[in-house]
Asker: 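Here you go, one structure.
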There are 2 protein chains.
Amino acid sequence: MRSPKPLAASQIAAEPHGGSQAIHRAAGLAEEVYEAIFARLMALKIPPGARITVDNLVRELAVSQTPIREALGRLEGEGLVVKTHLVGYSAAPQITRRRFEELYDLRLLLEPEMAGRAAATMTDVALAELTAAAGVMSRNGGTDERARYSQFARQDAVFHDQILEVAGNELIRETLVHQHTHFHIFRLMFHARVTEEALDEHAAILAAFAARDPAAAEQAMRVHVERSRDRLLPAFDL
Amino acid sequence: MRSPKPLAASQIAAEPHGGSQAIHRAAGLAEEVYEAIFARLMALKIPPGARITVDNLVRELAVSQTPIREALGRLEGEGLVVKTHLVGYSAAPQITRRRFEELYDLRLLLEPEMAGRAAATMTDVALAELTAAAGVMSRNGGTDERARYSQFARQDAVFHDQILEVAGNELIRETLVHQHTHFHIFRLMFHARVTEEALDEHAAILAAFAARDPAAAEQAMRVHVERSRDRLLPAFDL
DNA sequence: CAATACGATATCCTATACGATTTCGTGCAG
DNA sequence: CTGCACGAAATCGTATAGGATATCGTATTG
C-alpha cells in the first residue's frame, strides 16, 4: 500500500494498443510491468483464478523475466495474485460471499462516519468537485450498456474516494481503496446493473454535504452502502 | 555446485520457537528469504529508512539475486519496504505523527465494536484462551526490561487478535494485523514503557467478556485503545 | 472400458555475466 | 578553507543458460 496512490481504478478501458511493446525505460521497467499486469487484472483480461505464466508475459511485454517476477511479487504482496511453489502465479480467486459481507461490514463501520466528518469540514470547492463527479455520472444516457457501466464504476470510485479525502484520514482512505480493487473485479464479473437508485443515493449524500449536516450525511451514506450491498448480493445465488 | 545452503538460523533471534531446519522444497526459497527479511525488519535489525542492498542479502543468506528480488517485491507490495528507481530498496520510513493518529482513529472505529460483538458470541473455551494469553503477560516480574517488553508486545498482539477472531470478521482482522506490523516497528523504536495500566485494562476487557456484556466490552476496549494512544503520543515530542 | 504407468513438454527456480546509472571519495582551483 | 569536477567503486537493471519439478497426453494392461 503505497502513499501516492492516485486511485488506480482508471485503467479499466486500457485496451486499445494490442501491440507487444511500447514499454520504454522511463522510470523503471518493473513499474510498467506492474501496471500492465494490474490493468489486465482490472479489465478481467486475466480472470480470477487463471494461471499467469511468466513466459507469456515475457513474450507479450518483450522484457526479461526479472522485472516480471519483481512485479508479480509486488502484486502478491497486495493480494491480487497468489503464488504456489513449483506451480507459478495465478490471479487471486473470486471473492467469496463471506468475504463480500465482511467487506460491506467494514464499509458500514467506516464510510458513514467518514461522510459525517466530511460534511463537517466540507469546503465549497470540494463540494463543487464532488458535485461535478456525481454530475458526470448522470448525464450519459445514450451510450451502450458496457461503456455506461465502465463510466459508472470509475466515477463511483472517485466519488467515494473524494469523500474520504475530505474526511481527512489517509490511512482509512488507502485501506478502502485497496479493498476496492478486489471488489471491482467481483463487480465486473457479474455485470452488475447500474440503476438510477445509486445516482439518487449519491444525490442524497451531496444534499447533506451542501447543508453541512453531518448526521444526515452519515445516514445517507449508510443507506447507500447498505443498498449497494443488497443490489449485489443476489449475484451469489447464480 | 548446486548445494542449496540452508538459511542461517539468525532470523529466529527473537523467536524462541526455532524448529530447526524446515521444509525447503515445500515452501520455496523466496518464502524463506521473505521471512528472513521480515524478521530483520521486525527486530529493527534493519532500522526504518535504512538501505537494503541485494548484494548484502546475497552474501548473508547465501542465495542468488532472483529470490531476493522477488521477496523484496512482495515486501514492497505490503508497504514494508520502498523502492526508488536506480537507487534500490530501503526499509519503510518511520511512522509520522499524523499517521499514528490516523491509525488510532481507525482502531477506535473498529476495535470497540469488535469487542462488543466478541462479548456477544464469546464461548467458554475462547474466553479461557483469552484469559490465558492475558495471564502470561502479568507473570513475568523478574526478567529484564528488554525481554519483558518483547514478551508484552507478542502477547498484546495475540490478545487483540484473538478478540478479532471471535468477533468473526476476517477482513477487519487482517487489516488491523497488517497495520500492526507497521506500528510494531514504531513502538519498538521508542522502547515504550509497559505499565501495569495496560494489564489492568486488559483485565477490564476480560471481565466484560466473562459477563457477556457487549456494551461494557466496547467501552473497555475504547478506553484501552485511547490510553494506549496517549501513552505513546509523547514519543513524538522527543 | 477404465485405470494406471510412462514419457514429453512446459514451467518454474536458481545461478551467473554484463551494461547502465548513481554515489562517494579525492584532488584541484578559487 | 570551501566548493566543484572528475573518476572509481558500488549497486541496480537486464539478459541468458541450465537444472528440477509438475502437468498432460498417450499407451498399455486388467
Side-chain angles (χ1 to χ4, degrees), chain A residues 2 20-38 40-41 46-47 49-77 80-93, chain B residues 1-8 11 21-37 40-41 46-47 49-77 80-93:
Chain A
R2 316 192 305 296
S20 59
Q21 80 262 15
I23 289 190
H24 278 33
R25 52 190 64 187
L29 217 48
E31 305 288 327
E32 310 214 18
V33 173
Y34 170 85
E35 290 183 13
I37 302 175
F38 188 89
R40 280 167 166 73
L41 290 172
I46 304 176
R51 292 272 301 267
I52 302 176
T53 69
V54 337
D55 272 12
N56 282 343
L57 290 173
V58 164
R59 279 189 291 274
E60 290 184 35
L61 303 178
V63 297
S64 71
Q65 294 188 3
T66 311
I68 291 177
R69 289 181 180 281
E70 200 166 335
L72 284 172
R74 202 166 126 194
L75 287 164
E76 185 194 10
L80 276 74
V81 306
V82 293
K83 186 183 97 165
T84 41
H85 184 50
L86 291 180
V87 171
Y89 288 94
S90 52
Chain B
M1 53 168 71
R2 51 162 310 284
S3 55
K5 306 159 196 68
L7 293 177
Q11 70 248 32
Q21 253 47 24
I23 37 267
H24 280 218
R25 290 283 174 252
L29 255 186
E31 307 291 324
E32 309 214 16
V33 173
Y34 169 85
E35 290 184 13
I37 302 174
R40 278 168 167 73
L41 290 171
I46 304 176
R51 293 273 300 269
I52 301 178
T53 69
V54 338
D55 272 13
N56 282 343
L57 291 174
V58 165
R59 279 188 291 273
E60 291 183 35
L61 304 178
V63 296
S64 72
Q65 293 188 4
T66 311
I68 290 176
R69 289 180 182 281
E70 198 167 335
L72 283 172
R74 196 166 132 196
L75 287 165
E76 187 196 9
L80 275 74
V81 306
V82 293
K83 188 182 93 164
T84 43
H85 184 52
L86 290 179
V87 171
Y89 289 95
S90 54

Asker: Just to confirm, is there a sub-4.0 Å distance from OP1 or OP2 of D/dA15 to any side-chain nitrogen or oxygen of A/S64?
Answerer: yes
Asker: Output a table of nitrogen or oxygen pairs between the protein and nucleotides 10-12 of chain C separated by less than 3.5 Å.
Answerer:
{"from": "C/dC12", "atom 1": "OP1", "to": "A/V54", "atom 2": "N", "distance (Å)": "3.3"}
{"from": "C/dC12", "atom 1": "OP2", "to": "A/V54", "atom 2": "N", "distance (Å)": "3.4"}

Asker: Rounded to the nearest 0.5 Å, what's the gap from CZ on B/R74 to CZ on A/R74? Could you check?
Answerer: 15.0 Å
Asker: How many angstroms lie between atom CZ of A/R59 and atom OG1 of A/T53, to the nearest 0.5 angstrom?
Answerer: 6.5 Å
Asker: Can you measure from CG (A/L57) to CD1 (A/I52) and round to the nearest 0.5 angstrom?
Answerer: 7.0 Å
Asker: Do any N or O atoms from the side chain of A/T84 and from the backbone of A/V87 form a donor-acceptor pair under 3.5 angstrom?
Answerer: no
Asker: Please report the distance, rounded to the nearest Å, between CG in A/L61 and P in D/dG13.
Answerer: 18 Å
Asker: Taking all non-hydrogen atoms of both residues into account, name the closest pair between B/A91 and B/I46 and its distance.
Answerer: CB-CG2, 4.0 Å
Asker: Measure the distance from CG on B/L57 to C1' on D/dT11 and round it to the nearest whole Å.
Answerer: 13 Å
Asker: Whole angstroms only, please: what is the CD1-P distance between B/I68 and D/dG13?
Answerer: 14 Å
Asker: What is the distance from CG of B/L29 to C1' of D/dT21, rounded to the nearest Å?
Answerer: 14 Å
Asker: Enumerate donor-acceptor pairs with a distance under 3.5 Å from any side-chain N or O in residues 61-71 of chain B to protein atoms, sequence neighbours excluded.
Answerer:
{"from": "B/E70", "atom 1": "OE2", "to": "A/K83", "atom 2": "NZ", "distance (Å)": "3.1"}
{"from": "B/E70", "atom 1": "OE2", "to": "A/Y89", "atom 2": "OH", "distance (Å)": "2.4"}

